[in-house]
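Report on the following structure.
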Amino acid sequence: MNKLKRLLGCGLAAAMILSVAACEDAAPAGTPSASTGDQNAPSTSGTTATSTTIDPNENAATDKEEKDLNTGDFTPSGNAGEVHYLGYYDIHTDQKTDEQVLIFESETYGGDIIYENTSNGSAYFDKLGTLIASGDSPDLLTFEPLAFPYGVSKNMFEPLDDYFNPDDAIWTDMRDLIDEYQYNGKYYYFPHRMLVKYALNYNRKTIENAGLRDPYDYCVAGEWTWDAWREMMIEFCNLSDENIGFYSTDTMLECFINTTGTSIVNVLPDGTIQNNLADPNITRAIEYLAEMGRNGLLYPMSHPHGDWIDPTAWAKSYSDKILFLGLEPEWTYEAAAKAVQDQPGVENDVLNTPSDFAFVPYPKDPNTDEHYICANSYGFMIPRGADNIDGAVEFIYCNRLYETDEKIINQVKKDHVDPEKITYTAGDYAGMQRWVIVWDEQVYDFWMEMLDDTKYTFVIEDMYGFSDDFSTPICKGIYGSTFEEQSWTQTREEIMPTIEGLLQEYM
């Protein structure tokens, strides 16, 4: 069972959405993994896929067929029906859900996902509130940060106690996480997948050229600590005035703070909220970051390269100058590999070759006995007033079965490290191979190992579960303190009355 410690921090609710009669995430700015659909979970490449379009198009129709899913732990009805999904991306074409949708829309389940598009962030919940108030609720939506506690406190979601039993074997390794999303004793969210929220992404060729020890080797040896990370960055930055140890934005530093095992704010299952802004562990972590900032190891937003570098830009231009990129590992790994391998013109692609990119978790706090890492999850929720709750429940089960079927687990690994070749069948590139990412097997295995609860203790940071009015002053205060705008102690005392005032809305 996952060892999980709930952390809640930078986010409290401001007024948003229509109030819902008789009942009662936003994706934070600069937090890509909370705002896009492709960044948070293992991708599941198809076993076969052939383009049928005249010109190469990675979104073209393919001959992919659904995998054979073991339904021994849940018997599909065969008539799940239409399930209306509200989202800002189409789960039919998203890598982490496209195969599950194929299975759900087969005769085994008899389902049909109807996609309705909306914007992400607060607009996502604005639209949901409007639909609920008008009696036209969707049946399904992905979990987003503002869903908890904001959405559940406004009675925007159906409690799921009557549809899922957290004691069932199928949920065993998710039980602790499921328990953390109770609200006033009710279960609202049964995530089917645990994720690493942010990791330290790096280019192994850069590590080698700098004469540094691979961070992966530190992890294997149990030596990946704050101090090992800092010393590596010092060595790298001493090689050139242009070198930077760690790229971050104001919403990425949470994962370093989480390595202390201490929350910023904690929402308990009974609805109680704990504010830990003044906790000594948080102060200690921020002061450690501030020291690194003073020593020029960190990337300030005022840097000439700008305040946002995505994996593509990093891979193409900066991975030899910025040692660590603090973003979601799967998204970063795949986007970085694509940026350097999938070139214009099929004949210029780098095919059938793993890239030099890799990642490790944020380092262990030397003051703790356990290695805490900031985790995330992926799953679906059912809005209040949904017409086809049974169909939505079947789709949630379908996704969970996909995560627990040993045959599929093995096939998904093969799809990553040894994917079948895809060939264009028409057009100028007919007969030529289409680029598809090939994962380095060591990187893939370590990605899975990072979710091993015997090696790591997982921390959920709830900081974005309220609103930007709550999260922004905390996140910007932490970031500013790191670059000496003023001390964290000063900033904390200035923002504390606002934070406490916003928390009162939930008391």
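If you read the sequence from its start, that first residue is 1, and numbering goes on from there.
The shortest side-chain heavy-atom distance between Tyr402 and Val412 falls under the 4.5 Å cut-off. The closest side-chain heavy-atom distance from Val350 to Gln343 is not below 4.5 Å. Taking the side chain as every heavy atom from C-beta outward, Pro419 and Val438 approach each other to under 4.5 Å. Residues Pro191 and Met174 are in side-chain contact: their nearest non-hydrogen atoms beyond the backbone lie under 4.5 Å apart. Side chains of Thr249 and Tyr247 form a contact here, defined as non-hydrogen atoms less than 4.5 Å apart. Residues Leu195 and Glu328 are not in side-chain contact: their nearest non-hydrogen atoms beyond the backbone lie 4.5 Å or more apart. At least one side-chain heavy atom of Pro215 sits under 4.5 Å from a side-chain heavy atom of Tyr202. Side-chain contact between Thr262 and Val459 is absent, with no heavy-atom pair separated by less than 4.5 Å.
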Determine, stepwise, if the pair Phe236 / Thr206 fulfils side chain to side chain contact (heavy atoms under 4.5 Å, CB included). CA-CA 10 Å; Phe236 181 70; Thr206 300; 3.7 Å; yes

Take Leu277 and Ile264, measure what side chain to side chain contact (heavy atoms under 4.5 Å, CB included) needs, and give me the verdict at the end. CA-CA 5 Å; Leu277 282 173; Ile264 296 174; 3.4 Å; yes

Output, in order, the C-alpha distance, side-chain angles, deciding distance and verdict of side-chain hydrogen bond (donor to acceptor under 3.5 Å, both in side chains) for Tyr189 and Ser377. CA-CA 10 Å; Tyr189 176 44; Ser377 67; 2.8 Å; yes

Let's go through Tyr288 and Trp226 carefully: what are the C-alpha distance in whole Å and the side-chain angles of both, what is the deciding distance for ring pair (Phe, Tyr, Trp, His ring centres under 6.0 Å) to 0.1 Å, and is it a yes or a no? CA-CA 9 Å; Tyr288 196 93; Trp226 286 10; 4.8 Å; yes

Applying side-chain hydrogen bond (donor to acceptor under 3.5 Å, both in side chains) to Tyr198 and Asn376, what does each step give before you reach the verdict? CA-CA 9 Å; Tyr198 293 143; Asn376 205 347; over 6 Å; no

side-chain hydrogen bond (donor to acceptor under 3.5 Å, both in side chains) between Trp439 and Glu334, intermediate numbers included: CA-CA 8 Å; Trp439 277 66; Glu334 296 198 344; 3.0 Å; yes

Given salt bridge (charged side-chain N to carboxylate O under 4.0 Å, His left out), test Asp320 with Arg204 step by step and report yes or no. CA-CA 10 Å; Asp320 62 337; Arg204 286 181 290 190; over 6 Å; no

For Glu291 and Arg230, what are the C-alpha separation, side-chain angles and deciding distance, and is it a side chain to side chain contact (heavy atoms under 4.5 Å, CB included)? CA-CA 10 Å; Glu291 179 189 0; Arg230 180 188 60 192; 3.9 Å; yes

Steps toward ring pair (Phe, Tyr, Trp, His ring centres under 6.0 Å) verdict (Phe357, Trp314): CA-CA 11 Å; Phe357 299 105; Trp314 175 69; 5.4 Å; yes

Candidate pair Ile474 and Ile478, rule side chain to side chain contact (heavy atoms under 4.5 Å, CB included), full reasoning: CA-CA 6 Å; Ile474 297 177; Ile478 291 170; 3.9 Å; yes

Asp418/Lys413 under salt bridge (charged side-chain N to carboxylate O under 4.0 Å, His left out): CA gap, chis, key distance, verdict: CA-CA 8 Å; Asp418 184 26; Lys413 176 179 177 178; over 6 Å; no

Carefully, step by step, assess Tyr89 and Asn120 under the rule side-chain hydrogen bond (donor to acceptor under 3.5 Å, both in side chains). CA-CA 9 Å; Tyr89 62 93; Asn120 67 335; over 6 Å; no

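For Glu242, the CD atom sits in a loose shell: 12 or fewer heavy atoms of surrounding residues, nucleotides or ligands are nearer than 6.0 Å. More than 12 heavy atoms of other residues, nucleotides or ligands lie within 6.0 Å of NZ in Lys414, so this atom counts as buried by the packing criterion. Within 6.0 Å of CG in Asp369 there are 12 or fewer heavy atoms belonging to other residues, nucleotides or ligands.
Using a 4.0 Å cut-off between charged nitrogen and carboxylate oxygen, Arg284 and Asp365 count as a salt-bridge pair. Using a 4.0 Å cut-off between charged nitrogen and carboxylate oxygen, Lys476 and Asp250 count as a salt-bridge pair. Classification of Glu208 and Lys205 as a salt-bridged pair holds, one side-chain N sitting under 4.0 Å from a carboxylate O. Ion pairing of Lys364 with Glu370 is absent here, as no side-chain N (NZ or NE/NH1/NH2) approaches a carboxylate O to less than 4.0 Å. The existence of a salt bridge linking Arg434 and Asp349 is excluded, since no basic side-chain nitrogen approaches an acidic carboxylate oxygen closer than 4.0 Å.
Stacking of Arg213 on the aromatic ring of Tyr218 is recorded, both the 6.0 Å distance cut-off and the 45° axial limit being met.
Minimum heavy-atom separation, Ala210 to Leu239: CB-CD1, 3.6 Å. In terms of heavy-atom proximity, His371 sits nearest to Pro363 at NE2-C, 3.5 Å. When every heavy atom of Tyr183 is checked against every heavy atom of Pro149, the shortest pair comes out as CE1-CB, 3.9 Å. The two atoms that bring Tyr464 and Lys197 nearest to each other are CE1-NZ, 3.5 Å, heavy atoms only. Ile309 and Leu327 get closest at one heavy-atom pair: O-CD1, 4.1 Å. Smallest separation of non-hydrogen atoms from Asn258 and Tyr372: O-CB, 3.5 Å.
One side chain, Tyr187 or Asp179, offers a donor N or O that lies under 3.5 Å from an acceptor on the other. Side chain to side chain, Gln341 and Trp435 meet the donor-acceptor criterion of an N or O pair below 3.5 Å. Side-chain contact annotation: Glu403 with Asn399, donor-acceptor N/O pair under 3.5 Å absent. A side-chain N or O of Thr272 and one of Asp270 form a donor-acceptor pair less than 3.5 Å apart. Side-chain contact annotation: Thr491 with Glu494, donor-acceptor N/O pair under 3.5 Å absent. Thr142 and Glu144 are linked by a side-chain donor-acceptor pair at a separation below 3.5 angstrom, with hydrogens and angles left out of the test.
Ring centers of Tyr362 and Phe256: at least 6.0 Å apart, outside the cut-off. Aromatic rings of Phe157 and Tyr188 (six-membered ring for Trp) have centroids beyond the 6.0 Å cut-off, not under it. Between Phe446 and Tyr216, the distance separating the two ring centers is shorter than 6.0 angstrom.
Using cut-offs of 30° and 60° for the angle between ring planes, the Tyr444 and Trp447 rings count as perpendicular. The aromatic rings of His192 and Phe380 lie parallel to each other, with less than 30° between the two planes, well short of the 60° mark.
To the nearest 0.5 Å, atom NZ of residue Lys154 and atom CG of residue Leu128 are 13.5 Å apart. Rounding to the nearest 0.5 angstrom, the gap separating the NZ atom in Lys421 from the CD atom in Gln433 is 5.5 Å.
Looking at Tyr150, Tyr88, Phe143 one by one, the single match for ring-ring contact (aromatic ring centres under 6.0 Å, His included) with Tyr124 turns out to be Tyr88. Residue Phe246 is tested with Phe324, Tyr299, Trp229 for a ring-ring contact (aromatic ring centres under 6.0 Å, His included); the sole match is Trp229.
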